[in-house]
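Scope of the values below: all heavy atoms of this structure, side chains included, with no hydrogens, waters or symmetry mates. In each ligand, atom 1 is the first atom listed, and ligand 1 is the first ligand listed.
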Amino acid sequence: MQKGRVIQSTGSWYLVDNGKEVIESRLPGRFRLNGKEVTNPIAVGDWVDFNVNDDGTGNIEKIHDRENYITRQATHGKKGEQILVSNLDQACVVQSIKQPMVKEGFIDRFLVTCEAYEVKPVIILNKIDLAKSGGLEFAQELSELYSDLGYTFIITSIEDEESLQKLKELLTDNTSAFIGPSGVGKTSLVNAIDPSYNLKVNEISDFSNKGKHTTTFARLVPLDFGGYIADTPGIREFGLVNIEPWELSLFFPEMIEPRQDCQFSNCTHTHEPKCGVADAFEKGEIAVSRYNSYINMLDSL
Ligand SMILES: Nc1nc2c(ncn2[C@@H]2O[C@H](COP(=O)(O)OP(=O)(O)OP(=O)(O)O)[C@@H](O)[C@H]2O)c(=O)[nH]1
Ligand SMILES: [Mg+2]
Ligand SMILES: [Zn+2]
């Protein structure tokens with residue numbers, strides 16, 4: 001028996017990396033019928049035990065318990081959820097300064113969801129080369145906002161070697177996932193830091209800057225400098241996990257202290273009297289974009 005990591009899945013075949021080679025493996029039928037309503041019993045990122053057959057293919061015998069995982073819709077615990085990738089050290093939300101434009105709402109949802117999944121979040125703002133004609137200041141503001149909140153925020157461009165070096169350091173010896181809208185450059189960044197993997201990259205051809213969904217399967221790429229990166233397909237929206245409305249502000253670091261001054265313990269910080277969060281917002285201690293994200297998320301709960 002060998003231990004390895006599932007780095008790609010087609011639904012019927014799994015590519016398992018044992019550290020030396022990649023073995024095409026199958027899962028015996030009994031695993032599929034254990035009554036679990038997961039789309040796929042094995043997720044990319046899973047650690048498995050497997051036997052090698054005479055023809056060199058593998059048989060997966062055991063799936064190790066997952067330390068954590070993220071799902072496509074981020075509907076934690078819901079039936080039929082599709083796990084994007086498991087056993088992560090960090091999840092990186094990738095945004096671009098332009099084409100498509102950065103969406104703070106996406107970042108903020110992502111940060112809240114990471115808390116719920118117990119995955120460390122990282123924010124990557126890509127395509128900074130496009131900000132030469134304007135947007136650099138905004139990028140800097142975002143960087144300060146999120147860094148002050150305690151998050152790792154890095155600014156990149158596939159044309160800027162220094163920024164790629166920083167990204168490499170962040171990824172070395174970790175299992176990371178790139179998550180974000182289509183067209184922000186997730187695949188391009190993986191290619192730029194590890195050119196041995198020529199992943200498929202598409203030009204943004206449509207004028208609406210929506211981009212094309214070029215990556216269709218999540219896969220883990222073993223990095224030649226150590227670690228794994230999961231390049232995931234673009235998602236338009238990031239769903240929210242099941243959080244009670246009064247709990248939501250617990251996932252906003254800048255609201256933790258102010259909410260202690262709220263009169264009601266189940267305050268939603270919207271219409272209630274004597275609200276510490278509303279006071280802090282009025283004093284400018286909470287960013288407008290962050291408070292807007294909070295309200296939008298609250299509405300969707
Ligand atoms: N100017 C500029 N263009 C970039 C940069 N990174 C990526 N691009 C371009 O952006 C387009 C989309 O890049 P992809 O890497 O396919 O984007 P993706 O996030 O993987 O998209 P999906 O797979 O659809 O989710 C391509 O035309 C890239 O060449 C960058 O740093 N600067
Ligand atoms: Mg891609
Ligand atoms: Zn309040």
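- Between atom 12 (C) of ligand 1 and the options Gly180, Pro233, Ser163, Gly183, the minimum heavy-atom separation is to Gly183.
- Remark: ligand 1 and Ser182 share an N or O pair separated by less than 3.5 Å (distance only, no angle test).
- With a heavy-atom cut-off of 4.0 Å, Thr187 touches ligand 1 through backbone and side chain alike.
- No donor-acceptor distance shorter than 3.5 angstrom exists from the side chain of Glu257 to the backbone of Met255, with no hydrogens or angles considered.
- In this structure a side-chain-to-backbone donor-acceptor pair under 3.5 Å is present from Thr232 to Phe178.
- Residue Lys127 holds the heavy atom nearest to atom 10 (O) of ligand 1 of all those in Lys127, Gln95, Gln99, Lys186.
- For atom 29 (O) of ligand 1, the candidate residues are Ala192, Ser188, Ala131; the nearest heavy-atom contact is made by Ser188.
- Within the 3.5 Å criterion, the main-chain N or O of Lys62 finds no donor-acceptor partner in the side chain of Asp49.
- Note on Thr232: not counted as a metal contact of the Mg ion (ligand 2), no N/O/S atom lying under 2.8 Å.
- Summary: ND1 is the N/O/S atom of His269 found nearest to the Zn ion (ligand 3).
- When each of Asn174, Asp17, Thr175 is checked for a side-chain hydrogen bond (donor to acceptor under 3.5 Å, both in side chains) with Tyr228, only Asp17 meets the rule.
- Of all the atoms in ligand 1, the ones that sit under 4.0 Å from a non-hydrogen atom of Asp129 are 1 (N), 2 (C), 30 (C), 31 (O), 32 (N).
- Residue Ile128 places no N or O, backbone or side chain, under 3.5 Å from any N or O of ligand 1.
- Heavy atoms of Asp231 found under 4.0 angstrom from ligand 1: none, in either backbone or side chain.
- In summary, the atoms of ligand 1 found under 4.0 Å from a heavy atom of Gly234, numbered by their order in the structure, are 25 (O).
- No side-chain donor-acceptor contact under 3.5 Å links Asn126 and Ser96.
- Put simply, the side chain of Lys166 never gets that close to the backbone of Glu161: no donor and acceptor are under 3.5 Å apart.
- Geometry about the Zn ion (ligand 3) gives an angle of 120° between SG of Cys267 and SG of Cys262, rounded in steps of 10 degrees.
- One N or O on the side chain of Ser25 and one on the backbone of Ile23 form a donor-acceptor pair closer than 3.5 Å.
- In Asn126, the part holding a heavy atom less than 4.0 Å from any atom of ligand 1 is the side chain.
- Residues Arg259 and Cys262 are in side-chain contact: their nearest non-hydrogen atoms beyond the backbone lie under 4.5 Å apart.
- Side-chain atoms of Lys3 never come within 3.5 Å of backbone atoms of Trp47 as a donor-acceptor pair (strictly under, hydrogens ignored).
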